[in-house]
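Note that ligands are numbered from 1 as they come in the structure, with each ligand's atoms numbered from 1 the same way. What you see below is based on every heavy atom in this structure, not just the backbone, and it leaves out hydrogens, waters and symmetry mates.
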Amino acid sequence: MTIKGSLLVVAILSGIIAVATPVTKASAEAGNRITILYDAFGTDPKMTKDWGFSALVEIAGKRILFDTGDNAEIFAANVKAKGVDLTTLDFVVLSHRHSDHMAGLNYVLSVNPGVTIYAPKEGFGIYGSSLPSSFYRKDDSLPSEMRYYDGKPPEVMKFGSAWTNAHFELIDQTTEIAPGITLIALVSDAPGTRELKELSLAVNTSDGLVLVVGCSHPGIEKIVEAAAAINPKIRFIAGGFHLVVAPDDVVMRAATALRDRFKVEYVAPGHCTGEPTFAALKKAFGDKYLYAGLGNSISLGPNPGPDVRRGEGPAPEDLATYRKLAAREDPFGIMKSRGLRLGAHP
Ligand SMILES: [Zn+2]
Ligand SMILES: [Zn+2]
């Protein structure tokens, strides 16, 4: 082959490579998606609606189960209806210790007992915990039978978990658990859930940060603020924003902050976000509000959107079920007292 010929081959090959590289990247990104496996609104007749949250997050080559819903049987049925394989998960994240996010864990463990579960580290929490034995005051003057561990405590005291054989990794503070994948750890200071620790999942992609929140007890704005510290370009937020009983001014403030202050590109709210907040976010985000009903898969690729429909709020028939189920999550007793005040049945 002449030099000219070789150069031509090199040129053609490099052309192929130049074309092939973005295609590989695009197809990898096209597989990035979030599928809602547990929620109280949606249009998929094969799925059972119930109060709670779970989503399968497929991103950055990982399959992550974020939360496990409110009831193991309903969760199992929804997982099967969607044909989701839980045996090949990379890991599970339990956002916080409320039952509407973790009751399906028994089902996960029945099919995948060895899976790693990231959960918030809380003193004497349900996921188990530990403390150095130096935490308690000692009194050497006591006879050994009056002393803890006969006066010879282990260096680290371990406290049990409700799931004895499960492989928990407890997260105390914001941690990057895999390249580009961070668990944001924050604590709620809202009345009713004070000191509750919650994990949110932040994945840094080339398009910006993808954020998945469970119930946002520490406050959606606080969580987004922490996420923006990782990457100020927030591409996408899905999950529960916990504005289910918030008054209009709080709802408006949150919607405006997400759009104008944090410049969030897409929102896919669900769970405890609340009906008036769905409406406010739909108004604020227009077609960048992605409908994330139970059973929907939302592509996180170059053009995020549900595989079914986009830019729509919940279907009217969902709202009746949603309202009924929303009454179940009432940690502050607000809805109950409102119902009593209006003379309605609690
Ligand atoms: Zn909660
Ligand atoms: Zn919740």
Tell me, which N, O or S atom in D100 is closest to the Zn ion (ligand 2)? OD2

Just so I know, are the side chains of I171 and V93 near enough to count as touching, which here means a heavy-atom distance under 4.5 Å? no

Taking the side chain as C-beta and beyond, is there a heavy-atom pair between Y118 and L201 under 4.5 Å? no

Any N/O/S atom of H217 sitting less than 2.8 Å from the Zn ion (ligand 1), backbone or side chain? yes

Report the residues that fulfil ring-ring contact (aromatic ring centres under 6.0 Å, His included) with Y136, sequence neighbours left out, ordered by chain and then residue number. Y148

Closer than 2.8 Å to the Zn ion (ligand 2), do we get an N, O or S atom from H96, backbone or side chain? no

Tell me, please, if H101 has any N/O/S atom, main chain or side chain, under 2.8 Å from the Zn ion (ligand 1)? no

Is there an N/O/S atom in H98 at a distance below 2.8 Å from the Zn ion (ligand 2)? no

Is there an N/O/S atom in H242 that lies less than 2.8 Å from the Zn ion (ligand 1)? no

For a ring pair (Phe, Tyr, Trp, His ring centres under 6.0 Å) with H101, tell me which candidate from H217, H96, H242 qualifies. H96

Only counting residues at least two apart or in another chain, list the ones meeting ring-ring contact (aromatic ring centres under 6.0 Å, His included) with F236. none

